[in-house]
Every structure is written in C-alpha cells, then in structure tokens.
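For ligands, and for the atoms within them, numbers begin at 1 and follow the listed sequence. Predicted model only: the values in this text are computed from it and were never measured.
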Amino acid sequence: MELLQKKIVEEGIALSETVLKVDRFLNHQIDPQLMSEIGKEFATRYQDEKVTKIVTLESSGIAPAVMTGLVMGVPVVFARKKKSLTLTEGLITSSVYSYTKQETTDISMSNKFVDQTDRVLVIDDFLANGQAALALIDLIDKAGAEVAGIGIVIEKAFQDGGMLLREKGYRVDSLARIASLNNQTIQFATEEET
Ligand code: G4P
Ligand code: NA
Ligand code: NA
C-alpha cells in the first residue's frame with residue numbers, strides 16, 4: 001500500500017535492526033485519515049470472504065480494526081490483555097509468548113461476541129514472530145469460529161511470523177512488508193501474493 005509505505009518512510013524510525021518506531025501515526029498518535037485508507041484496503045481485499053466479525057488485540061490493533069469494521073459493516077472485538085485472570089463465565093483465554101520481553105501474557109475474549117456462526121478477519125498492527133496472531137487464532141478456534149485471514153498493517157518480513165502463519169495455511173495480507181532495518185534504513189519487501 002503506497003500511502004502507508006510513504007508514511008513509514010517519512011515518519012518511521014528504525015530504532016534498531018529489529019524495531020521500527022511508528023508512534024507518530026500508529027502506536028501512540030494515530031492518523032485517522034491513514035487508518036481510514038487502511039480500513040478500505042483490508043475491506044476491499046476481504047470483500048468476497050464472507051467476514052462476519054473482526055478480532056484484534058488491544059491496544060494498537062484497535063484503530064485499523066475499527067476502520068475496517070466500519071467499511072465492512074461488521075462488529076469489531078478486541079481481545080484484552082490482563083495480568084491476572086479472574087475466572088469469569090464465558091471467558092476464553094490464550095497465552096502469548098513475547099520473544100522481546102521474554103514473558104508470557106494471557107489474552108482473553110468473551111464467547112458472547114464470537115461463536116461458531118462467525119467467519120473472522122484478524123487484524124493487528126505488527127507481525128513480528130507471530131505469537132500474538134497465533135494466540136488470537138487460538139481464541140477464535142476455541143470460540144468455534146472460522147478464520148478468514150489475517151490482516152497486518154506492518155509485517156517485519158525478516159522475522160518468522162509471516163512464514164509461520166502462511167505455512168499453517170492462513171491467508172495473510174500485510175499492507176507494508178519491511179525487508180530490513182539495517183543501517184537505520186527502512187527497506188521494503190515486495191508484497192506477498194496470497
Ligand atoms: P515479538 O514478536 O518480538 O515477540 O514481539 P512482541 O509480541 O513482544 O511484541 C510486543 C509489542 O511490540 C506488540 O505490541 C507488537 O505489536 C509490537 N511490535 C513488535 N515489533 C514491533 C516493531 O518493530 N515496532 C513497533 N512499533 N512495535 C512492534 P503490544 O505490546 O501489544 O502493544 P500495543 O498493541 O498496545 O501497542
Ligand atoms: Na503494538
Ligand atoms: Na498489536
């Protein structure tokens with residue numbers, strides 16, 4: 001997606017060889033106009049997929065997910081992150097292992113909002129090692145729903161997540177794919193055909 005690439009070039013910062021800072025438009029300050037275009041793009045790509053619901057993870061996935069839900073005319077559910085989980089009726093949980101933080105976080109979602117009648121589009125801001133996406137897929141599986149695909153705003157193609165998900169047979173649509181962040185330079189990979 002050209003507009004997104006332009007934004008990444010102009011406002012993104014390669015913090016290290018593995019981390020891209022995009023807090024000027026995605027992770028802290030949010031650019032609503034860009035999010036709206038991102039929503040339209042995901043909606044166009046998934047228009048024939050009979051999507052009934054969008055599932056994302058708080059917090060940075062919410063903005064692109066809501067814009068996509070608006071265009072597709074479907075509700076958006078965000079999985080919650082919690083330190084300790086009190087047993088609550090109908091709460092589905094899964095664990096996300098973070099390689100960077102080397103810790104496991106539980107995420108949860110109510111079975112009231114996703115069930116076996118749903119075909120779900122997963123949306124997230126970043127795809128790195130894929131652990132967050134896999135945990136979201138696990139929640140959707142546990143709810144008995146189907147995964148239509150995974151829509152990612154920025155994929156770090158030099159990390160394993162994209163390969164992992166595609167190898168499992170999931171459709172993954174990344175609107176920008178970063179090939180490398182070496183030497184403080186942001187290099188893009190070509191968009192993968194899905
Ligand atoms: P991992 O693949 O290295 O294990 O990454 P991890 O799950 O630990 O990711 C931690 C957080 O950092 C996630 O957001 C993830 O989306 C984000 N992230 C991963 N790589 C990058 C990157 O290169 N740049 C930026 N800006 N973020 C990255 P989170 O903690 O869930 O935060 P948020 O959704 O509340 O913003
Ligand atoms: Na994030
Ligand atoms: Na996220």
Atoms of ligand 1 close to Ser98 [distance to a heavy atom under 4.0 angstrom, numbered from 1]: 4 (O), 6 (P), 8 (O)
Nearest neighbour of atom 34 (O) of ligand 1 from the list Gly12, Ser16, Ser60, on a heavy-atom basis: Ser60
Thr100: numbered ligand 1 atoms lying under 4.0 Å from its heavy atoms: 1 (P), 3 (O), 4 (O), 5 (O), 6 (P), 8 (O)
Ile154/Asp125 under side chain to side chain contact (heavy atoms under 4.5 Å, CB included): CA gap, chis, key distance, verdict: CA-CA 6 Å; Ile154 303 174; Asp125 57 337; over 6 Å; no
The Na ion (ligand 3) to Asp124: nearest N/O/S atom name: OD1
Nearest-0.5 Å distance, CD of residue Glu41 to CD of residue Glu2: 11.0 Å
Side-chain donor/acceptor of Lys40 to backbone N/O of Val71, under 3.5 Å: no
Location of contacts on Gln131 toward ligand 1, heavy atoms closer than 4.0 Å: neither
Positive for side-chain contact (heavy atoms from CB on, under 4.5 Å) with Ile150, one of Leu127, Ile137, Asp124: Ile137
Backbone or side-chain N or O of Ser59 under 3.5 Å from ligand 1 N or O: yes
Ligand-residue contact atoms, ligand 1 with Ala128, heavy atoms, under 4.0 Å: 2 (O)
Region of Asn129 engaging ligand 1 - heavy atom pairs below 4.0 Å: both
Leu20-ligand 1 polar pair, N/O distance under 3.5 Å: yes
Salt-bridge present (Lys6, Glu37; N to O < 4.0 Å): no
Within reach of ligand 1, part of Lys156 (heavy-atom separation under 4.0 Å): side chain
Minimum side-chain heavy-atom gap Ile186-Leu181 below 4.5 Å: yes
N/O/S atom name from Asp125 that is nearest to the position of the Na ion (ligand 3): OD1
Where ligand 1 meets Thr18 - atom numbers and elements under 4.0 angstrom, heavy-atom basis: 23 (O)
Distance filter under 4.0 Å to Lys81 heavy atoms, resulting ligand 1 atoms: 29 (P), 30 (O), 31 (O), 32 (O), 33 (P), 34 (O), 35 (O)
Glu11 vs Asp31 side-chain heavy atoms within contact, under 4.5 Å: no
Structural part of Asp125 in contact with ligand 1, heavy atom criterion under 4.0 angstrom: side chain
Residues Phe126, Asn27; criterion side chain to side chain contact (heavy atoms under 4.5 Å, CB included); working and verdict: CA-CA 10 Å; Phe126 267 92; Asn27 289 139; 3.6 Å; yes
Modelled atom types, side-chain donor and acceptor of Thr117 and Asp115, under 3.5 Å: yes
